Amino acid sequence: MNMNEQNTLAVKELLYKMADDLLILGHRNSEWTGIGPMLEEDISFSSMAQDKLGQALALYQLLNNLGEADPDTVAFTRNDLQFHNSELVEYPIGEYDFSLMRHFLFDNAELLRYTMLMDSSYEPLAKLARKFRGELKYHKFHGDTFVMQLGKGTEESKSRMQSSLDFCWNLALGVFEPSPYEDTLIKEGVWQGEEALKAQWMEAIAPVIEAAGLTIPDENTWKPVYGGRGGKHTENLQPLLDEMTEVFRVDPGAEW
Amino acid sequence: MIIKSLDPRISRAELDGDASMEKELQPLEHFETYEVFHQKKRGQHHTHVGTVHAPNPEMALLFGKEQYGRRGMSVNIWVARTGDIFASDYDDSDIFTTTPEKQYREATPYKVMDKINEYKAKQGS
């Protein structure tokens, strides 16, 4: 694709929101390390959190190649208003049912997003998408398996998963907040856009939710939580950033 | 008396040190174990790499991949319920006593064929 000014802005906006989602959720999920419900799951969930940080780093590197600051500066020196993540990913980890449901809803979307991006006209991103796909397939497999397992588990596990689904739903719809550059990105073949992704996502998760014996909230109540992409966040994000950057801020110029 | 430990997970569990440590496991309290086997390359043997706790084979596969597959390459995993493994008895270990003497039965050359072929190919090129 021709990286003229408009196209570059559009690609940067896309990269920022994808990378910020991964950094923030990767950090959140890593908060379970050491306190997961069982050893095997503690390791699996932590390992996936680490995958997300690695993916975020690769995307920040692409931004760096497009003229943005280096990955550490971008990740550790912005405040909440400069982050483009969806609100879904910034909520505290809560109880395990919430963290699992968020992971299920988010990672199903991620796998489809990166599958679309494998054909991107922006070749560096297409290359990354092909590389990440295997990791994301496992993340989806993990999320789907747990939702099925707990949806069909005990009365308590089922009701917990259902209330987490109800709580997450509008936040998850907010992941697909349209970009101001949506038309450019679609026209230039960067990818098919948020609307197309949301439709595919719905098709992917609906059968899993149904097979798990859970119910998607009634369509009349759907109200996507938008704003995160433009820097509007809940009170949960800044404390996360403060904690995440604590060590970095001690000596920003340190060589590690 | 509540047990205090250096491991925060133990302290958090608020275990009663006075109560008998032997208690009966309740359903769902502890999962059974599965043995995990990894294959490094298609066509090679699956090798036993360890054990995971899981409630069913799907979850065992899920855990097996991350416990034993997150470092180093593998192309396939098997899991099998530990209880389904039929094993010989250590009291019968003497059935193997004369094995080391029977080198004529070993197929060592086959094991290095990959390397020999690689070497030949390199010489040929």
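To find a chain, count down the sequence lines: A is the first, B the second, and so on, and within it residues start at 1. Computed from a predicted model, the values in this text were never measured in an experiment.
- Remark: A:Arg249 CZ is packed, more than 12 non-hydrogen atoms of other residues, nucleotides or ligands lying under 6.0 Å away.
- Within 6.0 Å of NZ on B:Lys115 lie no more than 12 heavy atoms contributed by other residues, nucleotides or ligands.
- Neither the backbone nor the side chain of A:Gln50 comes within contact range of chain B, judged by heavy atoms closer than 4.5 Å.
- At least one donor-acceptor pair closer than 3.5 Å links the side chain of A:Glu40 to the backbone N or O of B:His53.
- Dense packing is recorded around CD of A:Glu123, with more than 12 heavy atoms of other residues, nucleotides or ligands lying under 6.0 Å away.
- To the nearest 0.5 Å, atom CE of residue B:Met59 and atom CD of residue A:Gln149 are 4.5 Å apart.
- Residues A:Met38 and B:Phe31 meet the side-chain proximity criterion, which asks for heavy atoms closer than 4.5 Å.
- Considering CD of B:Glu66 and CG of A:Asp51, their distance stands at 6.5 Å, rounded to 0.5 Å.
- Atom CD of A:Glu210 has 12 or fewer heavy atoms from other residues, nucleotides or ligands within 6.0 Å.
- For B:Gln67 against A:Ile43, the heavy-atom pair with the smallest separation is OE1-CD1, 3.0 Å.
- Applying the 6.0 Å contact sphere to CH2 of B:Trp78 captures no more than 12 heavy atoms from other residues, nucleotides or ligands.
- Annotation for B:Leu62 and A:Tyr138: closest pair O-OH, 2.6 Å, computed over non-hydrogen atoms.
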